[in-house]
Amino acid sequence: MSDLSITDELFFKRAGLDRSRVEGLVGEALRGADDGELFLEYRQSEGLIFDDGRLKSASFDTAQGFGLRAVSGETTGYSHASEVSEAAIGRAAATVRSVLSGTGGAFAEPPQKTNRSLYADENPLPGIPFEKKLAFLAEVDAYARAKDERVRQVMVTLSGEWQAVQIVRPGGERTADVRPLVRFNVMLVAAKGERMESGAFGAGGRVTYERFLTPESWKSAVDEALRRALVNLESVPAPAGEMPVVLGPGWPGILLHEAVGHGLEGDFNRKGTSAFAGLLGQRVAAPGVTVIDDGTIADRRGSISVDDEGTPSARNVLIEDGILKGFIQDRLNARLMGVKPTGNGRRQSYAHAPMPRMTNTYMLAGAHEPAEILASVKKGLYAVNFGGGQVDITSGKFVFSCTEAYMIENGKIGAPVKGATLIGNGPDALTRVSMVGNDMALDQGVGTCGKDGQSVPVGVGQPTLKVGSLTVGGTAV
């Protein structure tokens, strides 16, 4: 079945909506508006946590609802409800029309049509019985505990969701998308004497559970989580000060996402609150730095066939060879800035209005071998994995904690260090990139981005990078 057929079944057959009457309500609600839509959503989700040798938590949830939006100039009227009925949509229509008093704008052109689907529409949740999922979690737990006598605690999580959305615009214009999403994660604690350290590894994407339930997949995940924990057991306090920093490939792209990507979102730039505002066409990064936001990569966690306004996702070049080329846009900010939407209008659920958000954001590969980059550093830090961080969008200042990092001594990877934080300014750090590796990698599919109280799945990536100088906050005394 097509995505449109699946969502028609959910909303116009099972929920009992009459399509022609709903389309009439939408048309009447948005008469005189500049833009807007009815967003219908149905979502199933589940999560299992296996901790301390037993099933600690299991949840399953089904939710549905709608959000109706009317846009006039910069003003948005938004009403939502978990009751999917003509009466509820009618009440919402009366509410959102309040922002249209005295207006009569020309309604914006609809999004471009597409038949592209970047992932299968199969619901991953019922594909494997609950008993088999539980047996799988117990098997992972047993393998991790038997792998090394230093393992003291194991937590394994499995989660998934199936989201079906349909966007209805005036005139009967309809777009649909059906999105699977799964995630598998292993966290363990290892001990050496009185010292205990943790390590974690996760993977996910817009696929079914079977991708991660093969022994080759989940055993490698456990092995990697254990390796990280054992590395941390041998770590020494991190030094502090200004020094060259080499960032590893893949997940360290989260720093690029946070410190740079948010500053390239259209709303911050339209309002002049981004550190990149007013710099379009100017050099904002070192030569060789090209940053992409690409929602079109098949099966990736951050990918979307269409965004939550119905615009097809795209491969958007944000920075090319150091020059700022564009921003990521939803429909509202694109219209106000006089540019085209980029397929980045995203929302957490029907209860939220869309805004410009990243999909899969990464830096393209360069020409240098990773070993060559490391060999160029006499003394510095090699940051391989990151935990949490904070960023100020206006100034670009960031603070990120490293969960796996090493000293670099005379071009060689040295002792692992604990407690290292990277402190800097995103736009400034881009200008200090002196070497870009040829090993670009995307993360394993675990990213979640928060903005204005909304969370959406995202992807990140980058090659090995050398930043000439960053402030490293450490714990060595």
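- For the pair Arg347 and Phe39, the cation-pi criterion (under 6.0 Å, within 45° of the ring axis) is fulfilled.
- Cation-pi geometry between Lys132 and Tyr209 is not satisfied (NZ or CZ under 6.0 Å from the ring centre, within 45° of the ring normal).
- Shown are Asn333, Thr394, Thr273; of these, the side chain to side chain contact (heavy atoms under 4.5 Å, CB included) with Phe268 is made only by Thr273.
- A salt bridge links Arg227 to Glu224: one of the charged nitrogens lies within less than 4.0 Å of a carboxylate oxygen.
- Between Gly248 and Gln462, the shortest heavy-atom distance links the atoms O-NE2, 3.1 Å.
- Taking a cutoff of 4.0 Å between a charged side-chain nitrogen and a carboxylate oxygen, Glu309 and Arg331 do not qualify as a salt bridge.
- In this structure, Gln329 has no side chain to side chain donor-acceptor pair (under 3.5 Å) partners at least two apart in sequence or on a different chain.
- A salt bridge links Glu173 to Lys113: one of the charged nitrogens lies within less than 4.0 Å of a carboxylate oxygen.
- A donor-acceptor contact shorter than 3.5 Å is absent between the side chain of Lys325 and the backbone of Val291.
- Every residue was checked against the salt bridge (charged side-chain N to carboxylate O under 4.0 Å, His left out) condition with Arg206, not counting sequence neighbours, and none meets it.
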Practice item. Show your working on ring pair (Phe, Tyr, Trp, His ring centres under 6.0 Å) between Phe184 and Phe136 and close with a plain yes or no. Key: CA-CA 11 Å; Phe184 165 62; Phe136 163 71; 5.5 Å; yes
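- Interatomic distance, CE of Met155 versus CG of Asn185, reported as 7.0 Å (0.5 Å rounding).
- Ion pairing of Lys192 with Glu197 is absent here, as no side-chain N (NZ or NE/NH1/NH2) approaches a carboxylate O to less than 4.0 Å.
- Tested against Val151 for a side chain to side chain contact (heavy atoms under 4.5 Å, CB included), the candidates Val189, Leu226, Leu230 yield a single pass: Leu226.
- A salt bridge is defined here as a Lys NZ or Arg NE, NH1 or NH2 lying under 4.0 Å from an Asp or Glu carboxylate O, and Asp52 with Arg152 fails to meet this definition.
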